[in-house]
Participant: 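This is the structure I want to talk about, given as structure tokens.
All residue numbers in this chain count up from 1 along the given sequence.
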Amino acid sequence: NCFLWKHHQLMLVVPLFLSLYIEDKLLNIKTLSMVTILLLTGSMTGIGAVLIGGVGAYILSFRFELRALVLPVKVALSTLLALGLFSALAGVTGKDVSLIKVLWERAEPIVQEQGLEKSNRDYVYIYVNRNPFTLLGEGVGNANLRFSQHVNIGATASFLSLYLNTLYSVGWIGFVLLVCVLALPVVFFIRSPSLRSDVKAVYLLSAYLGWLVVYGVHSEELSTSFAAIYAILIYKATQKPPLSRST
């Protein structure tokens with residue numbers, strides 16, 4: 001149940017940025033609600049995906065224009081109000097809960113030990129250190145079965161990472177192909193004049209980059225939300241601008 005709850009919160013990454021894309025207001029109730037829910041989960045993956053996705057997209061699409069400041073202002077405003085709601089809701093429980101403290105308690109072992117082997121996913125990275133990747137992999141499904149035998153559980157074990165699952169299933173060749181496919185929207189975005197001129201398009205790229213982060217540490221299978229933002233980016237990037245009518 002805990003896994004499903006956290007997984008559902010990661011589904012907010014795309015709708016959160018889409019709400020910023022659709023709404024022209026500096027603050028809207030949809031974004032505020034989703035940011036608040038994300039903070040209440042205390043999910044390092046979800047919060048990290050939103051932060052890294054937003055910062056990465058902002059850097060890739062940054063232009064020296066006054067309008068470029070709209071994104072950080074909207075995100076900062078929603079975050080500050082969400083933190084206020086978080087504190088208010090936490091105060092109702094009668095407990096002194098600090099979001100930063102909670103997140104640091106989870107991140108501290110990883111930072112101090114300089115590795116994910118000190119996280120609650122340590123068994124995955126211990127397996128990775130002991131089993132090098134191969135050129136062709138072990139086959140789709142077979143890699144998970146071998147991993148299950150290693151950790152000695154009856155259920156099919158998950159690598160909790162699309163990239164690790166690809167490397168073990170179809171090897172380096174399949175991984176290179178995956179990277180090429182995942183890089184397409186980013187390349188199209190950078191090379192698309194229509195998207196580059198759309199200030200709000202940075203929200204679309206933020207959602208996409210956020211999911212790339214999620215696939216690194218949480219999910220090993222492609223999702224519908226990811227497919228949606230992938231398709232939207234490709235569609236937007238390949239649209240030809242309307243022909244201007246001569247007067």
Side-chain angles (χ1 to χ4, degrees), residues 2-4 6-7 9-11 13-14 43-53 55-57 59-60 106-190 205-231 233-234:
C2 181
F3 173 79
L4 290 176
K6 290 184 177 180
H7 183 70
Q9 305 320 306
L10 295 177
M11 295 296 108
V13 174
V14 170
S43 170
M44 285 183 59
T45 302
I47 297 173
V50 171
L51 290 176
I52 296 174
V55 173
I59 293 174
L60 288 175
R106 297 180 181 179
E108 185 178 12
I110 301 174
V111 174
Q112 290 185 347
E113 300 295 335
Q114 298 181 347
L116 289 170
E117 288 188 15
K118 298 300 178 180
S119 68
N120 57 359
R121 297 173 173 84
D122 56 350
Y123 62 96
V124 176
Y125 302 101
I126 292 174
Y127 180 82
V128 171
N129 287 335
R130 296 177 181 177
N131 298 270
F133 310 123
T134 61
L135 184 63
L136 298 176
E138 301 170 352
V140 178
N142 292 335
N144 295 90
L145 293 177
R146 288 198 177 187
F147 185 33
S148 301
Q149 293 175 352
H150 175 82
V151 295
N152 194 25
I153 60 174
T156 303
S158 171
F159 290 102
L160 300 176
S161 169
L162 173 66
Y163 314 123
L164 291 179
N165 186 36
T166 301
L167 281 164
Y168 279 114
S169 298
V170 290
W172 284 108
I173 294 178
F175 180 73
V176 170
L177 293 175
L178 174 69
V179 170
C180 291
V181 171
L182 296 181
L184 276 179
V186 180
V187 174
F188 281 5
F189 180 93
I190 295 174
L205 186 60
S206 298
Y208 183 76
L209 295 180
W211 259 107
L212 294 185
V213 174
V214 171
Y215 283 138
V217 294
H218 189 277
S219 179
E220 69 171 23
E221 296 179 353
L222 298 171
S223 69
T224 304
S225 295
F226 178 77
I229 196 62
Y230 188 100
L233 271 174
I234 295 293

Participant: Measure up the Trp172 and Phe175 rings against each other and bin them: parallel (under 30°), tilted (30 to 60°), perpendicular (over 60°).
Facilitator: perpendicular
Participant: Would a 4.5 Å heavy-atom cut-off, applied to side chains only, mark Leu160 and Val217 as touching?
Facilitator: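 With C-beta onward as the side chain, the pair stays apart.
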Participant: Indicate, with yes or no, if the rings of Tyr127 and Phe147 have centres closer together than 6.0 Å.
Facilitator: yes
Participant: Could you give me the CA-CA distance, side-chain angles and deciding distance for Tyr163 and Leu178, then say whether side-chain contact (heavy atoms from CB on, under 4.5 Å) is met?
Facilitator: CA-CA 8 Å; Tyr163 314 123; Leu178 174 69; 4.2 Å; yes
Participant: Rounded to the nearest 0.5 Å, what's the gap from CG on Asn142 to OG on Ser169? Could you check?
Facilitator: 8.0 Å
Participant: Could you give the distance from CD1 (Ile229) to CD1 (Ile234), rounded to the nearest 0.5 Å?
Facilitator: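 If I round to the nearest 0.5 Å, the distance is 11.0 Å.
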Participant: For Ala157, is there any backbone N or O sitting under 3.5 Å from a side-chain donor or acceptor partner on Ser148?
Facilitator: yes
Participant: Test Leu209 against Val186 for side-chain contact (heavy atoms from CB on, under 4.5 Å), laying out the working first.
Facilitator: CA-CA 9 Å; Leu209 295 180; Val186 180; 4.1 Å; yes
Participant: Any chance you could measure Phe226, atom CZ, to Leu162, atom CG, to the nearest 0.5 Å?
Facilitator: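 Here the rounded value is 8.0 Å.
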Participant: Please report the interatomic distance CZ(Phe189) to CG(Leu233), rounded to the nearest 0.5 Å.
Facilitator: 7.5 Å
Participant: Quick one: closest heavy-atom pair of Leu222 and Tyr215, and the distance?
Facilitator: CA-OH, 3.2 Å
Participant: Check for a donor-acceptor pair, side chain of Ser161 on one end and backbone N or O of Gly216 on the other, with a separation under 3.5 Å.
Facilitator: yes
Participant: Rounded at 0.5 Å granularity, tell me how far OG1 in Thr156 sits from CG in Leu145.
Facilitator: 5.5 Å
Participant: Once you round to the nearest 0.5 Å, how far does CD1 of Ile59 lie from CG of Leu205?
Facilitator: 11.0 Å
Participant: Going by side-chain contact (heavy atoms from CB on, under 4.5 Å), Tyr208 matches just one of Val13, Leu182, Val14. Which one?
Facilitator: Leu182
Participant: Please find the pair of heavy atoms, one from Tyr230 and one from Pro185, that lie closest to each other, and give the distance.
Facilitator: CE1-CG, 3.4 Å
Participant: Of all the heavy-atom pairs spanning Leu164 and Tyr125, show the shortest one and how long it is.
Facilitator: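 What the structure gives for the nearest pair is CD1-CE2, 4.2 Å.
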Participant: Is there side-chain contact between Phe159 and Val128, with at least one heavy-atom pair below 4.5 Å?
Facilitator: no
Participant: Please examine the side chains of Arg146 and Asn131, heavy atoms only from C-beta on, and report whether any two atoms are closer than 4.5 Å.
Facilitator: no
